[in-house]
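For reference, the structure discussed in these notes is given below.
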Amino acid sequence: MPLIDSFQRTIDYLRISVTDRCNFRCVYCMPEEGAPIAPKDEILTYEEIERLARIAVGLGITKVRLTGGEPLVRRDIERLVASIGSLDGLRDLSLTTNGFLLPRYAVAFARCGLHRVNISLDTLQPDRFRRIARRGSLTEVMAGIGAALSSGLTPVKINCVVMRGWNEDEVVDFARLTLTQQLDVRFIELMPINWSQGDDSVSSLPHGISEQFMTLPSLGGGGLRADVTLYAHTERVSFTESFHLPSQDTQTGQLNGAQMRRAFVPTAEMRANIENELGSLLPAEIITNGPARTFRLPGAKGTIGFISQITNDMCVTCNRLRLTSDGQLRPCLMADGEVDLRHALRSGGTDTEIADLFRLAVLHKPREHRLEDGIAPIGRNMSQLGG
Ligand code: SAM
C-alpha cells in the first residue's frame, strides 16, 4: 500500500540528511561561524538510518536522496551509500553535495550503488565563490563535477541559487555551460528558510546591490513565525510527535530577512535574461526529473531547469518527506512540524510502529506552503533540515 497523503499525492521520495555539519558557509544558509550542531549522540547512526530507509522503502518509497549539511563530511559515507543502495525496491539513490570532496569519493560511490549526484554551485567566479561559500574553492568543486561525470554519476545536476547583487548576472554563463556539457543546470529561487529578522550587518554584502525590493507577497512587513498548529499532538500512536520551536536567536553572519528579500530573483527574470542572450528555451524532459521545470537551448547537450518554490510553487506535485540527521521526519520543508523517529528507534519501537509514524507524517503533510500567510520555517537552517 503506497503512502498517499490527505491530498491524494503519492509520497515516494525520502530525503535523508546524514549530518548537520558542513564544510561551507554559504551566506544564505549558515552564519560564518557555523550553525549550532546537534550533539553527536542525537545524530542517527548509519544502522538507524538504514533501518528507517528499509522501513520507508517497504512503504513504497522508491527514491532516496542523501543530503546534509554536507554528506561527504560524515565519515565512511560510502558505507551508508552501499547499504541503502542494496535495498530491494529502491529505484533511485542520489546525493546532494557541494562537490568539494567529491573527487575523493566519486569512483567509490559509483561502485557502491549511488546512481547520481546534484552539485551545488552558485558562481563560476573564484572571488565570488569565496564571498558566497566562504570556504572551499571553485577549483575543487569543478574537479568534483568532472569526477561525477567521468564516474558515471549521471545525470549530473548543478544547483544554483540565484541572488541579486551576488550572482544574478551569471545566469547566462551557467546556461551557456549546457550548450557544450552534459549538465542539467537548475536555477533555484532563494527560499525563506530560517530568515532571521534583525542584524543588518553582514559585512560581505556586495556593493552596488540593487535597492529594488522584491517583496514576497506573503512576507512583506510581517514577522515570520513557525506554523506549529498544523501538528497538534496526537494520540493516534504511542510515540510523541514533536516540534522544533523557532529559536529566538538573531543570527549573525548569515543574510537576514531584509537582505534575503532584496536578493530574491524570480524565475521569470532569470528565464528572460537567458532567452534574451541565448534564444528561446524549448521544453525538455529528463529522467529523474524532480521539481524543476526543464528546458533546453536549441542543440544543447544539457538542460536548464527552474525550481520556483516561491513564484510558482510546486506543492501540488510534492512527493517527498525529509528525515533530519537527528531523526525527525518532516513532511514539509516549509513548515516546522516534525515527527520524532529517533525516540521510536531508541525506545524499542517495532518496524510496524515506526511505519505508523511514517504514515502519521504523511497524514500531516500540508497541502501547500503558507508563505502567503506569512508562515515560513524558522526553526532550523537548510543545513539542519537537509536541503
Ligand atoms: N551540502 C550540500 C550541498 O551544498 O548541496 C547539501 C545540503 S545544501 C543545504 C542543499 C541545497 O540547499 C544547496 O543547493 C543549497 O544551495 C540549497 N539552499 C540552502 N539554503 C537555501 C535557501 N534559503 N534557498 C534556496 N536554496 C537553499
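Counting starts at 1 for both ligands and their atoms, in listed order. Owing to the predicted nature of the structure, the values given are computational and were not obtained by experimental measurement.
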Contact partition for Thr67 relative to ligand 1, non-hydrogen atoms under 4.0 Å: side chain
As an exercise, identify every atom of ligand 1 less than 4.0 angstrom from a heavy atom of Leu190. 24 (N)
Closest heavy-atom approach to atom 12 (O) of ligand 1 among Met382, Arg21, Glu70 is made by Met382
Compute the ring centroids of Tyr28 and Phe264, then answer whether they are less than 6.0 Å apart. no
Can you figure out which of Ser17, Gly69, Cys26 has its heavy atom closest to atom 6 (C) of ligand 1? Gly69
Answer yes or no: does an N/O atom from Thr96 fall short of 3.5 Å to an N/O atom of ligand 1? no
Looking just at side-chain N and O atoms, do Asp326 and Thr324 make a donor-acceptor pair shorter than 3.5 Å? yes
Part of Glu189 within contact of ligand 1 (heavy atoms, under 4.0 Å): backbone
Is it the case that Asn23 and Glu70 place a side-chain donor and acceptor less than 3.5 Å from each other? no
Can you find an N or O of Met191 that's nearer than 3.5 Å to an N or O of ligand 1? yes
Could you tell me if the side chain of Ser325 sits less than 4.5 Å from the side chain of Val18, heavy atoms only? no
Arg271 charged N/C atom sitting above Phe295 aromatic ring, 6.0 Å / 45°: yes
For ligand 1, is there an N or O atom under 3.5 Å from any N or O atom of Tyr28? yes
Please say which of Val141, Thr96, Thr97 ends up in a side-chain contact (heavy atoms from CB on, under 4.5 Å) with Ser120. Thr96
So is Ser120 polar-close to ligand 1, meaning N/O to N/O under 3.5 Å? yes
Short list, please: which atoms of ligand 1 are under 4.0 Å from a heavy atom of Gly68? 7 (C)
Would a distance-only check, ignoring hydrogens and angles, find a side-chain to backbone donor-acceptor pair under 3.5 Å from Lys63 to Ser94? no
Treating His115 as the side-chain partner and Leu93 as the backbone partner, does any N or O pair qualify as donor plus acceptor under 3.5 Å? yes
Ligand 1 atoms nearer than 4.0 angstrom to some heavy atom of Thr97 are 2 (C), 3 (C), 4 (O), 5 (O)
